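What you see is a predicted model; the values in this text were computed from it and never measured. Just so you know, these numbers use all the heavy atoms, side chains as well, and skip hydrogens, waters and symmetry mates.
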Amino acid sequence: VERDRLGLRGLLPPRVIPFEKQVERLLQEYHEGFRERRMHDPPDEVRKSGVTPEMVRKYGVLSTLHHRNETLYYKILLDNFKQMVPIIYTPTVGWTCQHSAELFRRPRGMYFSAQDQGEMAAMCANWPAQEVDAIVVTDGSRILGLGDLGASGMGISVGKLSCYVVGAGFYPHRVLPVCIDVGTNNEKFLKDPLYLGLQHHRVDGDRYLAIVDEFMAAVTTRWPGVLVQFEDFSYNHAMTLLDRYRKHRLVFNDDIQGTAAMVLAGVYGALRAQGRPVSDITKLRICCVGAGSAGAGVSDQLRRAMIKHGLSEEEAGRNFWMFDVQGLVTAKRANLPPILQKLARPEVELDSLDMMQVMQFAKPTALLGLSGVGQIFSAEVMTQIGKCAEAEGLRPLIFPLSNPTANSETTPQQALDATGGRAIVATGSPFPEASYNGKAIKASQGNNVYIFPGLALGAVLSKTPIITDNGKA
């Protein structure tokens, strides 16, 4: 009632934290800062995450500045974007989301929760900007490769929109980070007295869809023509929501469509680096480890590119070998979503093959990692894919794309070592320079940050009514 009276509904996280807990949180930081606490974390954990105590310190500096002086914040980012993007975005943003309850000082963006049903249209009036060009929204259910972070996922929306501003020139006051809080299934957060979101298990089914429907209706009524980017929704909702709105709203899902565009560009670039035409994509045999929203979206985009360059639907589909937590995806699986039905292997008798057996049987020439499982690419698997590619006169493509750093399927150094220095490698998170036979090799990053700011800017400037997978309205 007090929040409604003061026009604050949606401008603060849903859960009201008792005053004594707020005092406790500030005193904890007063006595020992996050940089110092990060220094006490196990060295192996720090190494795997790629987020060092120094990066935590730098995040604190930039975050404080963002709250205090937004103009100066973006000036500094514009002048130092390359070195600062790992601080405001991947990999540091994952760590900040995990610790958002302790880090919280001031709210950014809007929270629409399961408790706000029937009130969302009125809540939009609480946001001070009369014009909003772009919204990045998450429900916190699959933040990077870290899983369900609930309302703590707001940090990913904030980080993405900083990249919109710096990378594409959006006005800071015309972008809106949003978290839809429907609860969390993260047991740690359900018990955390400082957690800022709703402390109950996730709402699902028809009620979940009704909440998102109301949110979409509210924001597109308040700001007609606004672009809505869906970010880090779990697989069971990501494709459903994209299909639900894509034909009549200006929406896109960065995990599905942005990642797919980035990987396709990377594959084309890798072919050109070998002096081959992009039409040679039809000659690739691709093993994709990870069949969630990102893996399925990427593979389907590559499949459609093969069709564009002359293959039939059936021929293109047979160039893919998809793995998920259950193993090789075959037509034997019941209730496969339509996108995976086009990619599932028709040979149902192969469903028991492991990754190494697929390497030997299918002889793939490209290996994509969108699994969220760190170090899942063994040296033996990468060596085998190197041999398969060499037999075809190709260099092996190894793209470990999972974020953050700890979840990368391999490292550039490991990929080069396993393939005799021949692999063309692109990673989702930044990695240090690798070397082979004394030659320094820069680690290439294949991250959506190269796609979503420009895609969003083009959609907003052109006033396109919808975004399609082919980039046509």
Q | Carboxylate-amine/guanidinium contact Lys160 Asp254, below 4.0 Å | A | yes

Q. Of the non-hydrogen atoms in Arg422 and Pro396, which two are nearest, and what is the gap between them?
A. NH1-CD, 3.6 Å

Using atom types as modelled, flag every donor-acceptor pair under 3.5 Å from a side chain in residues 366-373 to any protein atom, sequence neighbours excluded.
from	atom 1	to	atom 2	distance (Å)
Ser371	OG	Val373	N	3.1
Ser371	OG	Glu409	OE2	2.9

Q: Can you sort out the partners of Arg318 under salt bridge (Lys or Arg N to Asp or Glu O under 4.0 Å), two or more places apart, ordered by chain and number?
A: Glu347

Q: Could you tell me whether the side chain of Leu302 reaches within less than 4.5 Å of the side chain of Phe320, counting heavy atoms only?
A: yes

**Q.** Ionic contact status for Glu390 with Lys387, cut-off 4.0 Å
**A.** no

Q) Ser157 side chain to Val136 main-chain N or O, any donor-acceptor pair under 3.5 Å? A) yes

Q. Quick check: does any side chain N or O of Asn69 sit under 3.5 Å from a backbone N or O of Leu65, one acting as donor and the other as acceptor?
A. no

Q: Consider only side-chain N and O atoms of Asp232 and Thr138, and report whether a donor and an acceptor are under 3.5 Å apart.
A: no

Q.
Is it the case that the side chains of Tyr208 and Asp139 hold a donor-acceptor pair, with the cut-off being a distance below 3.5 Å and no angle test?
A. yes

(Q) Quiz question: by atom type and distance under 3.5 Å, do the side chains of Gln229 and Tyr164 form a donor-acceptor pair? (A) yes

Q | From CA spacing to verdict: side chain to side chain contact (heavy atoms under 4.5 Å, CB included), Thr405, Val51 | A | CA-CA 8 Å; Thr405 309; Val51 181; over 6 Å; no

Q. Hey, which of Arg304, Arg303, Lys342 is the one that makes side-chain hydrogen bond (donor to acceptor under 3.5 Å, both in side chains) with Glu313?
A. Arg303

Q: Might you confirm whether atom CD of Glu433 has over 12 heavy atoms from other residues, nucleotides or ligands at distances under 6.0 Å?
A: yes

Q.
Does any part of the side chain of Arg276, heavy atoms only, come nearer than 4.5 Å to the side chain of Leu394, both counted from C-beta?
A. yes

Q) Are any non-hydrogen side-chain atoms of Leu397 and Thr365 less than 4.5 angstrom apart? A) no

Q.
Working note: Asp469 + Gln257, criterion side-chain hydrogen bond (donor to acceptor under 3.5 Å, both in side chains); need CA distance, chi angles, decisive distance, verdict.
A. CA-CA 7 Å; Asp469 290 333; Gln257 295 163 294; 3.0 Å; yes

Q: Identify whether NZ of Lys or CZ of Arg in Arg285 sits under 6.0 Å from the centre of the six-membered ring of Trp321 and within 45° of that ring's axis.
A: no

Q) Taking all atoms of both residues into account, what is the closest heavy-atom pair of Val85 and Lys82, and its distance? A) CG1-O, 3.6 Å

Q. For the side chain of Ser63 and the backbone of Tyr59, is there at least one donor-acceptor N/O pair under 3.5 Å apart?
A. no

Q: Evaluate side-chain hydrogen bond (donor to acceptor under 3.5 Å, both in side chains) for His309 paired with Asp280, printing each intermediate quantity in order.
A: CA-CA 8 Å; His309 289 293; Asp280 274 5; over 6 Å; no

(Q) Tell me the closest heavy-atom pair linking Leu401 and Ala426, and the distance in Å. (A) CD2-O, 3.8 Å

Q: Looking only at non-hydrogen atoms, find the nearest pair between Cys97 and Ile156 and report the distance.
A: SG-N, 3.6 Å

Q.
The criterion is side chain to side chain contact (heavy atoms under 4.5 Å, CB included); which residues satisfy it with Tyr436, sequence neighbours excluded?
A. Asp417, Ile441

Q: Any chance you could lay out the side chain to side chain contact (heavy atoms under 4.5 Å, CB included) test for Asn447 and Met262, step after step, and finish with the verdict?
A: CA-CA 7 Å; Asn447 191 284; Met262 179 272 299; 5.8 Å; no

Q. Are the side chains of Gln301 and Val263 in touch, meaning some heavy atoms are under 4.5 Å apart?
A. no

**Q.** Centroid separation Tyr74 to His66 less than 6.0 Å
**A.** yes

Q.
Side chains of Asp255 and Ser293 only: does a donor on one sit below 3.5 Å from an acceptor on the other?
A. no

(Q) I'd like to check Met55 versus Thr92 (side-chain heavy atoms, cut-off strictly below 4.5 Å). Are they in contact? (A) yes

Q: Can you label the angle between the Phe230 ring and the Tyr245 ring as parallel, tilted or perpendicular, going by 30° and 60°?
A: parallel

Q: Check the pair Thr383 / Glu380 against side-chain hydrogen bond (donor to acceptor under 3.5 Å, both in side chains), numbers first and verdict last.
A: CA-CA 5 Å; Thr383 297; Glu380 293 77 16; over 6 Å; no

Q | Asp148/Asn186 under side-chain hydrogen bond (donor to acceptor under 3.5 Å, both in side chains): CA gap, chis, key distance, verdict | A | CA-CA 6 Å; Asp148 183 354; Asn186 186 319; 5.8 Å; no

Q.
Between His237 and Asp204, does the side chain to side chain contact (heavy atoms under 4.5 Å, CB included) criterion hold? Intermediate values first, please.
A. CA-CA 9 Å; His237 291 308; Asp204 210 341; 3.0 Å; yes

(Q) Quick check: closest heavy atoms across Arg108 and Pro177, and the distance to 0.1 Å? (A) C-CG, 4.4 Å

Q: Can you see which heavy atom on Ser312 is nearest to which on Ile307, and at what distance?
A: O-CG1, 4.0 Å

Q) Got Ile467 and Leu250 here, is their nearest side-chain heavy-atom distance under 4.5 Å? A) yes

Q. Taking the side chain from Thr419 and the backbone from Ala423, do they hold a donor-acceptor pair closer than 3.5 Å?
A. yes

Q: Could you tell me whether Asp213 and Arg244 have a side-chain N and a carboxylate O separated by less than 4.0 Å?
A: yes

**Q.** Ionic contact status for Asp181 with Arg202, cut-off 4.0 Å
**A.** no

**Q.** Full working for side chain to side chain contact (heavy atoms under 4.5 Å, CB included) between Ile88 and Val93
**A.** CA-CA 6 Å; Ile88 64 165; Val93 69; over 6 Å; no

Q | Test of ring centre spacing under 6.0 Å for Phe452 and Phe252 | A | no

(Q) Can you confirm whether Pro86 sits close enough to Pro430 that some side-chain heavy atom of one is under 4.5 Å from a side-chain heavy atom of the other? (A) yes

